[in-house]
Amino acid sequence: MNYTLEQSQSKLIVKDLEHFNIKHIFECGQCFRWYLEEDGSYTAIAGGMVANFLQEGTTLYVEGVKEKEWRGFWHNYFDLDRDYGKIKEELSLDPILKEAITFGYGMRLLNQDPYETIISFIISANNQIPRIKKAVEAIANDLGDYIRTYRGRDHYSFPEPGALAEKTEEYIREAYRVGFRADRLREVSRRIADGEFDTSCIFDIEHKDAKELLTTLPGVGPKVSDCILLFAFDKGEAFPVDVWVKRVMEYFYFKRPATKKELEDSGERLFGSLAGYAQQYLFYYARELGIGK
DNA sequence: GTCCAGGCTTTCC
DNA sequence: GGAAAGCCTGGA
């Protein structure tokens with residue numbers, strides 16, 4: 001993408017951002033480590049950094065990030081090498097998606113840390129976004145490294161797998177309020193820490209095989225697996241079917257109740273290799289408008 | 001092999 | 001008090 005970077009005193013100014021809206025990006029449910037500040041800016045923790053983003057039009061004011069860090073981390077985190085204009089054009093051939101894209105025009109799929117994403121989405125099962133955010137934050141505050149204090153809040157990085165693997169199920173359940181998910185978090189962390197499960201190889205295998213491999217982890221079913229693949233492993237064809245996607249697909253496309261398999265297959269059938277992008281536009285659209293509820 | 005009901009922790013609306 | 005970005009188990 002052709003944008004320009006400017007360093008102005010303590011802030012980094014990113015100009016001429018296209019297909020980029022910080023609210024759409026953080027509030028489409030793909031990421032849990034962010035805070036909406038009173039001035040409408042977003043503070044996010046990623047890559048061992050705490051950054052604050054305030055968007056005005058196509059300009060982004062960034063606090064806490066140096067130019068080198070933007071180029072070395074945030075550029076890729078925000079998926080800025082991808083041509084969203086082309087993706088949106090192709091998906092807009094579908095009239096329903098055209099509407100969803102008009103609504104969430106600035107959504108981008110973040111490239112997030114694999115382990116943090118795996119843990120976050122195991123926690124997401126049968127859970128609500130505010131609670132998921134609290135649990136992820138509690139884990140980081142307890143086991144992560146202190147980064148800095150910003151607007152009165154202390155921020156910590158997300159820990160390495162070994163840290164959670166060392167804790168007991170009881171401790172994890174009570175300290176982070178994750179209920180029945182506690183032992184899954186411990187076991188998955190242990191497998192990754194011990195090298196039993198190699199996350200890096202998932203980048204190199206195709207979506208279907210990657211999904212099968214991830215679902216061998218306790219707490220990772222088809223939906224959670226597709227979320228992890230879409231948000232951390234660059235698998236744009238992954239189509240996570242959650243309650244909102246079920247609602248929106250039944251409401252707009254099937255116009256009747258659909259089976260689990262019909263819903264899972266509909267991503268590839270309707271949107272092909274862009275199913276994951278379609279899913280995000282539809283999810284944001286459905287949830288913000290309460291469609292099918 | 002596939003499908004489905006019931007249970008699961010806790011909090012938020 | 002029901003619902004929540006579901007998964008796991010057991011049984012048909």
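Protein chains get the first letters and strands the later ones, always in sequence-line order, with residue 1 at the start of each. Values below: all heavy atoms of this structure, side chains included; hydrogens, waters and symmetry mates excluded.
Relative to the six-membered ring of Tyr84(A), Lys88(A) misses at least one condition, a distance below 6.0 Å or an angle of at most 45° to the axis. Within the cation-pi definition used here (under 6.0 Å to the ring centroid, within 45° of the axis), Arg153(A) qualifies as a partner of Tyr35(A).
Between Gln112(A) atom CD and dA5(C) atom P the separation is 17 Å, expressed in whole Å. To the nearest angstrom, P of dA5(C) lies 18 Å from CD of Glu264(A). With rounding to whole Å, Glu169(A) atom CD is found 8 Å from dT9(B) atom P. Remark: C1' of dA3(C) and CH2 of Trp244(A) are 11 Å apart, rounded to the nearest angstrom. Look at CD1 on Ile132(A): it is 12 Å from C1' on dT10(B), rounded to the nearest Å. Summarising the geometry, the separation between CD1 on Ile123(A) and P on dT11(B) is reported as 14 Å, rounded to the nearest angstrom. dG6(C) atom P lies 13 Å from atom CG of Leu263(A), rounded to whole Å. Taking atom CG of residue Asn127(A) and atom P of nucleotide dA4(C), one finds them 12 Å apart after rounding to whole Å.
Here the side chain of Phe121(A) is nearest to one of dT11(B), dG6(C), dA5(C), namely dA5(C). With distances taken from any side-chain atom of Pro218(A) to the nucleotides dC8(C), dT10(B), dG6(C), the minimum falls on dC8(C). Minimum atom distance to the side chain of Asp242(A) is reached by dA5(C), of the listed dC7(C), dA5(C), dT11(B).
Between Lys134(A) and dT10(B) there is no side-chain polar atom (N or O) within less than 4.0 angstrom of OP1 or OP2. At least one side-chain nitrogen or oxygen of Arg247(A) sits closer than 4.0 Å to the OP1 or OP2 atom of dA4(C).
Between the base of dT10(B) and the side chain of Arg131(A) there is a donor-acceptor pair shorter than 3.5 Å.
For the pair Lys86(A) and Glu90(A), the salt-bridge criterion is not met [side-chain N within less than 4.0 Å of a carboxylate O]. A salt bridge links Arg82(A) and Asp234(A); the closest N-O separation between the charged side-chain nitrogens and carboxylate oxygens is under 4.0 Å. Here Glu250(A) does not pair with Lys255(A) in a salt bridge; the nearest charged N to carboxylate O distance is not below 4.0 Å. Salt bridge status for Glu169(A) with Arg173(A): present, with a side-chain N to carboxylate O gap under 4.0 Å.
Counting non-hydrogen atoms under 4.0 angstrom, Cys28(A) reaches a base of the nucleic acid. Residue contacts shown for Leu217(A) are limited to sugar-phosphate atoms, with no base heavy atom under 4.0 Å away. Across all strands shown, Arg173(A) has no heavy atoms under 4.0 Å from either base or sugar-phosphate atoms. Base contact: Gln279(A) has a heavy atom under 4.0 Å from a base atom. Heavy atoms of Phe231(A) sit under 4.0 angstrom from at least one base atom. Counting any heavy atom pair closer than 4.0 Å across all strands shown, Gly29(A) reaches a base atom.
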The contact string for nucleotides 1-7 of chain B, one letter per nucleotide 5' to 3', using protein heavy atoms under 4.0 Å with B, S and - for base, sugar-phosphate only and none, comes out as -------
Return one dot-bracket line describing DNA chain B 5' to 3' (Watson-Crick or G-U wobble pairs, both distances under 3.5 Å; ( ) same strand, [ ] crossing, | another strand, . none).
.|||||||.||||
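Note: Tyr3(A) and His75(A) have tilted aromatic rings, judged against thresholds of 30 and 60 degrees for the angle between ring planes.
Of the two residues contacting DNA chain B, namely Pro130(A) and Asn126(A), the nearest-nucleotide position lying further toward the 5' end is that of Asn126(A). With DNA chain C read from its 5' end, the first of the two nearest nucleotides for Gln128(A) and Pro222(A) is the one closest to Gln128(A). Judged by closest nucleotide on DNA chain C, Gln30(A) is the one of Gln30(A) and Gly219(A) placed further toward the 5' end.
The separation of dG6(B) from dG2(C), taken at their P atoms, amounts to 16 Å, rounded to a whole angstrom. Taking atom P in both dT11(B) and dC8(C), one finds a spacing of 23 Å when rounded to whole Å.
Proximity of a side-chain donor or acceptor of Arg71(A) to a complementary backbone N or O of Lys68(A) within less than 3.5 Å is not detected.
Between Arg108(A) and Leu17(A), the closest side-chain pair of non-hydrogen atoms is not below 4.5 Å.
Around CD of Glu67(A), the count of heavy atoms belonging to other residues, nucleotides or ligands within 6.0 Å exceeds 12.
Aromatic pair Tyr284(A)/His24(A): centroids less than 6.0 angstrom apart.
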